[in-house]
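Every heavy atom of this structure was used, including side-chain atoms; hydrogens, water molecules and symmetry mates were not.
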Amino acid sequence: MSIGLSEQEILRREAMAELRNLGINPYPAEAFDVTTNAKDIKENYERDKTAYKNIRMAGRIMTRRIMGSASFAEIQDASGRIQIYLNRDEICPTEDKTLYNTVFKKLLDIGDFIGLEGYVFTTQTGEISVHVTNMTVLSKSLKPLPIVKRDEEGNIYDGFTDPELRYRQRYVDLTVNPEFKDIFINRSRVINTMRGYFDSQGWMEVETPILQPVHGGAAARPFKTHHNTLDMPLFLRIANELYLKRLIVAGFDGVYEFGKMFRNEGMDRTHNPEFTSMEIYVSYKDYIWMMAMVEECLEKVALATNGSSKVKVGEQLIEFAGPYEKLSMYDSIKKYTGIDVSEQDEQGLRSICKDLGIDVDPSMGRGKLIDEIFGAKVEANLIQPTYITDYPIEMTPLAKKHRSKEGLVERFELFVMGKEIANAYSELNDPIDQRERFEDQLKLADRGDEEAMAMDEDFLRALEYGMPPTSGLGIGIDRLVMLMTNQSTIQEVLFFPQMRPEKKAKFVSIEDFTALGVPAEWVPVLQKMGFNSPEELKAGNPNKVFNDLGGMRKKLKLEIAMPDKDLVMTWFA
RNA sequence: GAUCUCGUAGCUCAGCCGGUAGAGCAUAACACUUUUAAUGUUGGGGUCCUGGGUUCGAGUCCCAGCGGGAUCACCA
């Protein structure tokens, strides 16, 4: 599909063909072994110059400065950029100067991958560079990369900044804005640090179904799909909690899973339809124990990503070393509104919401109303890591009743920068109580609460066989990575955030035109002239089309035979 | 879902009261053996997001659509 190639794209295709004519494969199959990379050279050359007298490296050409028979260029590999120096008579020691004059100066472009042999030296201006003695074309780039200019102070001049293009073409973004790679490197560190910590405790990483017949474990609208062979509906998981608990029933004493969850809900800078969560369940523990574990874990994550337990996020310096402040749900509301909601019934809560200017609707039960007050008045104040504990039972159908406080459950959520990043319970393992909680959820659903949880009979059966006392935790990995990398949008921590589909280019096959008698080599020309379908062509003026074909042939310097006028007229018959 | 805002060359952006489009980088040609936002000279490159409307005339004004961004709402 080569509709509307730009001038530069056409030139690059011609350069690619010319390379082939010279016997140079623009996409060679052979491996190109390297001995070093840009970062290694810059960091270690000064210390051990003898080690860099004969090196091999490979990467993309990112800038070129050609000065007659000598040239400088910058090569970018996975580790960074380094300047290279080429001298015509050194890379072409014989009379044949093709490799330099033609291949390097004419046929290579910014974005092409090349392999280099040479030695490291320091230029007169003091820049560590690679003096090239041999050069191999490794891959031709047919589309021009956006050019991002940087000066010595690192100021950026023509930045590639359009978020739409950056997210849709992340491969371009990370090529020309390599500093954004650090976010993803740190994302990997976050996950690996947590995994290493859990493994060192003896807990096991597991995988549970993503396609689920009942979407349980959380309250959210799911994505629905269909299995053909079984002829049954399936849902992409909104949570994996109930499966991990089944594994605790099965006799594992610590299981965890990093995985994608899918929720068919709104998108904004903290929500993507698919997101990564980590859930962990450890038997014979409770939520008090879990708080200490989270503190230890997050401190390790902060150290791994920022080199310190203190992380700068926006204008704040967040301290991830524990212990974190602990505040019960009721106390937090009292602290920030002065109102004691602990003894209020549903009616009392409704009037409090009204006084505070919080919108409510009739489907909301007592727990939901308290959550609304909390969300409106408390959440935004929780900047440093803070545990909110002991939630009303109505909000939390999977948590165990509080050991001493009537009407509450043993649950905490961890808030940082006003956002929830973790949620943990002493898990409910009483199968009779669990069934009643599910039934209460069904009543809420009858009142119109779309988020109420569904009954899962198989999960209840598992609990009836017996689950040991267990503490469970879920952490939103994307939001944690946002904190650890100081990013304010979820798109920046996802390689490929969800986007609306690109406007589909009107795709018409060459055959649609050749069926009219148009020679295949002229089809792209017609398309460039704006005729995207045979219908559009037929609506055109035959004489004008014939004249314009000649014009385009000249303009694009096409070396293809001009169709004669009688042939053109038959296209409109 | 609501409001505001943006969509012009490969990239970043100008474009006045409505008169058939400009710059820098990139690209092409020439020159140049240590440059580094290389430089100098000369060129080429545009469906001004799409479709309607007003007008003698629309990149510009109006309407609708598509796509992006921001804010808000929703979101255990």
Side-chain angles (χ1 to χ4, degrees), chain A residues 4-12 14-15 63-74 81 83-90 100 105-106 109-111 121-127 129 131 142-168 172 176 217-221 238-239 241 263-271 273 359 367-368 371-372 374-375 388 391 394-399 411 413 420 423 425 449-453 474 476 488-489 491 499-504 506 527-532 555-557:
Chain A
L5 288 180
S6 72
E7 181 190 31
Q8 292 189 47
E9 289 173 294
I10 292 165
L11 284 164
R12 284 178 180 230
E14 288 170 358
T63 67
R64 290 199 302 171
R65 293 182 284 278
I66 296 172
M67 297 163 303
S69 54
S71 294
F72 289 91
E74 280 176 291
R81 285 190 187 190
Q83 176 170 271
I84 63 169
Y85 172 77
L86 291 92
N87 182 298
R88 180 187 63 201
D89 297 324
E90 289 180 71
Y100 182 79
K105 280 171 69 175
K106 308 277 188 203
D109 291 291
I110 289 173
F121 75 114
T122 306
T123 64
Q124 288 177 2
T125 50
E127 178 153 349
S129 306
H131 194 124
L142 295 182
K143 283 179 100 64
L145 286 168
I147 303 298
V148 177
K149 287 275 184 182
R150 292 173 170 78
D151 66 15
E152 280 178 42
E153 284 87 46
N155 298 314
I156 292 174
Y157 289 89
D158 290 307
F160 179 69
T161 55
D162 181 339
E164 176 176 7
L165 290 174
R166 286 189 48 233
Y167 300 153
R168 285 195 198 281
V172 173
V176 304
R221 285 161 57 197
I238 57 174
E241 172 160 356
R263 296 188 183 177
N264 205 342
E265 292 174 343
M267 295 165 55
D268 59 30
R269 66 182 195 288
T270 55
H271 295 82
D359 291 335
K368 187 87 179 160
D371 190 41
E372 290 290 321
F374 176 80
I388 299 297
Y391 284 61
E394 297 89 339
M395 297 165 62
T396 316
L398 300 173
R411 171 185 184 180
E413 288 190 319
E420 177 208 338
N423 182 21
Y425 313 146
D449 185 347
E450 291 183 14
E451 294 161 358
M453 223 173 268
S488 57
T489 70
Q491 285 95 334
M499 306 277 282
R500 281 200 168 78
E502 282 183 82
K503 198 170 32 170
K504 207 163 42 176
K506 279 173 260 176
Q527 287 170 335
K528 184 148 182 83
M529 284 161 60
F531 298 110
N532 289 316
K555 187 170 157 189
L556 298 176
K557 302 192 183 78

OP1 or OP2 of rU34(B) under 4.0 Å from side-chain N/O of T123(A): no

For F160(A), ring-ring contact (aromatic ring centres under 6.0 Å, His included) partners two or more places apart: none

Taking only the side-chain heavy atoms of E413(A) (C-beta and beyond), determine which of rC11(B), rA76(B), rU34(B) contains the nearest atom. rA76(B)

Which of rU12(B), rA26(B), rA76(B) is nearest the side chain of I147(A)? It is rA26(B)

Output one letter per nucleotide in nucleotides 68-74 of chain B: B when a protein non-hydrogen atom lies under 4.0 Å from the base, S when only the sugar-phosphate is that close, - when neither is. SS-S-BB

5' priority, RNA chain B, between E420(A) and E74(A) [closest heavy atom]: E74(A)

Go through rU27(B), rC75(B), rU33(B) for me and flag the one nearest to the R64(A) side chain. rU27(B)

By nearest atom, which of the nucleotides rU33(B), rA38(B), rA26(B) is closest to the A70(A) side chain? rU33(B)

For R166(A), salt bridge (Lys or Arg N to Asp or Glu O under 4.0 Å) partners two or more places apart: D173(A), E492(A)

Side-chain N or O of K143(A) closer than 4.0 Å to phosphate OP1/OP2 of rA26(B): no

Nearest-nucleotide pick for T161(A), side chain only, options being rC11(B), rU34(B), rC13(B): rC13(B)

Is rC32(B) paired to anything, Watson-Crick or G-U wobble with both distances less than 3.5 Å, and if yes, which nucleotide? none

Distance test, side-chain N/O of R65(A) to OP1/OP2 of rU35(B), below 4.0 Å: no

Quick check for you: among rC30(B), rU34(B), rU35(B), whose closest atom lies nearest to any side-chain atom of Y85(A)? rU34(B)

For R150(A), look at atom CZ and say whether over 12 heavy atoms of other residues, nucleotides or ligands are found less than 6.0 Å away. yes

Provide a list of protein-nucleic acid N or O atom pairs under 3.5 angstrom, restricted to nucleotides 22-24 of chain B.
{"residue": "rG24(B)", "atom": "N2", "partner": "D158(A)", "partner atom": "OD1", "Å": "3.3"}

Using the P atom as the reference point in each nucleotide, state the distance between rA14(B) and rU55(B) in Å, no decimals. 32 Å

Hey, what's the ring geometry for F72(A) with Y85(A), parallel, tilted or perpendicular (30° and 60° as the breaks)? tilted

Taking the C1' atom in each of rG59(B) and rC48(B), what is the distance between them to the nearest angstrom? 5 Å

If the P atom of rG65(B) is compared with that of rU3(B), how far apart are they to the nearest Å? 11 Å

Partners meeting salt bridge (Lys or Arg N to Asp or Glu O under 4.0 Å) with K143(A) (sequence neighbours left out): E9(A)

Who are the ring-ring contact (aromatic ring centres under 6.0 Å, His included) partners of H271(A), not counting sequence neighbours? none

Identify which nucleotide among rA28(B), rG44(B), rC11(B) has an atom closest to any side-chain atom of E7(A), counting heavy atoms from C-beta outward. rG44(B)

Using the P atom on both, measure rG43(B) against rA23(B) and round to a whole Å. 12 Å

Rounding to an integer number of angstrom, what distance separates rU41(B) and rC32(B) when you compare their C1' atoms? 12 Å

Counting only side-chain nitrogens and oxygens, does K368(A) get under 4.0 Å of the OP1 or OP2 atom of rA76(B)? yes

Report the distance from atom CG of L5(A) to atom CG of L142(A), rounding to the nearest 0.5 Å. 9.0 Å

